[in-house]
Amino acid sequence: HNLHLDTVDVEHALPHKAVCSAIASLNVCANLRSQYEDLFQGVFLDEVINGWGAQSGRVGWYGDLISEIRRTYGKNFTIAINPGSNITEAVCALNFDVCMSFENTAAKYLTNDPNNPIANDVMRAQPSTKWWHVIHGVTRENFLQVIDRAASFGVSHLYVTDGELVQGEG
């Protein structure tokens, strides 16, 4: 069983709020471990930064949080992150196990965009087990193309659905 922690509040947080968010996240983990012992096997850090542009200054905060979780729960505790896009070398170097580096539609997945590649060279150099893609809107017609595309990225974790991707608040 894994815990889903939303880290979106760090995106625009003042430093003291980011510290409170980290402490709250670690407290939730400790509480679950105390109640469920070995059933609590991992954490899913949602809305994690990708490290590009203005986000680069927050890589250290995520590194500290992930390092503390790893130190507390050990190497067999799964840490998954979800930036939902390709990531910088600095984010790639963080001590996570799995990264949801794509979460969008099949149409977007099957489009080559040189300005926003699904996987960059730094990511491609990592083991395939680090990458998880979630593709919405998959049809009978494009299913094999989606699977072939995932194979071309060396993705070990793949979730495909014919469901519609709904984005926004809530």
Side-chain angles (χ1 to χ4, degrees), residues 1-12 21-22 25 28-29 32 40-56 58-70 73 75-113 115-138 142-143 145-170:
H1 299 352
N2 296 314
L3 167 67
H4 172 273
L5 288 175
D6 195 340
T7 62
V8 73
D9 59 341
V10 176
E11 287 296 316
H12 304 289
S21 177
S25 297
V28 168
C29 289
L32 286 169
F40 179 48
Q41 300 171 355
V43 65
F44 177 79
L45 301 175
D46 202 3
E47 303 293 336
V48 171
I49 61 166
N50 59 25
W52 298 109
Q55 295 181 359
S56 65
R58 295 191 294 276
V59 172
W61 184 90
Y62 282 96
D64 291 346
L65 176 62
I66 291 168
S67 293
E68 183 62 21
I69 292 169
R70 180 73 69 211
Y73 300 105
K75 67 179 182 172
N76 294 325
F77 189 81
T78 301
I79 301 173
I81 65 171
N82 179 18
S85 68
N86 67 49
I87 59 176
T88 63
E89 186 171 4
V91 174
C92 203
L94 299 178
N95 193 10
F96 62 86
D97 298 297
V98 179
C99 173
M100 184 187 295
S101 58
F102 184 88
E103 182 181 16
N104 214 310
T105 65
K108 175 97 172 147
Y109 198 65
L110 296 172
T111 302
N112 284 322
D113 182 354
N115 295 320
N116 189 20
I118 291 172
N120 56 43
D121 291 340
V122 171
M123 294 168 67
R124 288 178 185 266
Q126 299 295 314
S128 65
T129 54
K130 282 196 101 128
W131 310 117
W132 174 15
H133 290 179
V134 175
I135 300 102
H136 299 267
V138 176
N142 67 17
F143 177 77
Q145 291 173 290
V146 167
I147 299 301
D148 288 344
R149 182 96 162 135
S152 77
F153 293 124
V155 174
S156 287
H157 309 281
L158 185 64
Y159 176 82
V160 297
T161 177
D162 61 355
E164 180 183 345
L165 175 63
V166 178
Q167 295 179 317
E169 296 298 315

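Quick note: numbers below take in every heavy atom, side chains included, and nothing from hydrogens, waters or symmetry partners.
- L158 and W132 make their closest contact through N-CD1, 4.4 Å (heavy atoms, listed as atom of the first residue, atom of the second, distance).
- Side chains of I135 and R149 form no contact here, defined as non-hydrogen atoms less than 4.5 Å apart.
- Taking the side chain as every heavy atom from C-beta outward, L45 and I66 approach each other to under 4.5 Å.
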Begin from the C-alpha positions of I87 and M123 and carry the test side-chain contact (heavy atoms from CB on, under 4.5 Å) through to its verdict. CA-CA 8 Å; I87 59 176; M123 294 168 67; 4.0 Å; yes
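- Test T129, I81, I79 against D97 for side-chain contact (heavy atoms from CB on, under 4.5 Å) and you get one pass: I79.
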What do the steps show when you test K108 against F102 for side-chain contact (heavy atoms from CB on, under 4.5 Å), and what is the final call? CA-CA 10 Å; K108 175 97 172 147; F102 184 88; 4.0 Å; yes
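- Within a 6.0 Å sphere centred on CG of D148, other residues, nucleotides and ligands contribute more than 12 heavy atoms.
- By the 4.5 Å heavy-atom criterion applied to side chains, Q55 and T88 are not counted as neighbours.
- You'll find the side chain of Y109 stays beyond 4.5 Å of the side chain of V160, heavy atoms only.
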Y159 vs M100, test: side-chain contact (heavy atoms from CB on, under 4.5 Å). Steps then yes/no. CA-CA 10 Å; Y159 176 82; M100 184 187 295; over 6 Å; no
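- The shortest distance between side-chain heavy atoms of E103 and H136 falls below 4.5 Å.
- With hydrogens and angles disregarded, no donor-acceptor distance shorter than 3.5 Å links the side chain of N50 to the backbone of P83.
- Between A119 and R124, the shortest heavy-atom distance links the atoms O-NE, 3.6 Å.
- For the pair C99/W131, a side-chain contact is recorded, criterion being any heavy-atom separation below 4.5 Å from C-beta on.
- Summarising the geometry of G137 relative to N142, their closest heavy-atom pair is O-ND2, 3.9 Å, with the distance given to 0.1 Å.
- By the 4.5 Å heavy-atom criterion applied to side chains, L165 and V134 are not counted as neighbours.
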With side-chain contact (heavy atoms from CB on, under 4.5 Å) as the test, would you mind laying out the steps for Y62 and V91 before giving the verdict? CA-CA 9 Å; Y62 282 96; V91 174; over 6 Å; no
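- Summarising the geometry of L94 relative to G63, their closest heavy-atom pair is CD2-CA, 3.4 Å, with the distance given to 0.1 Å.
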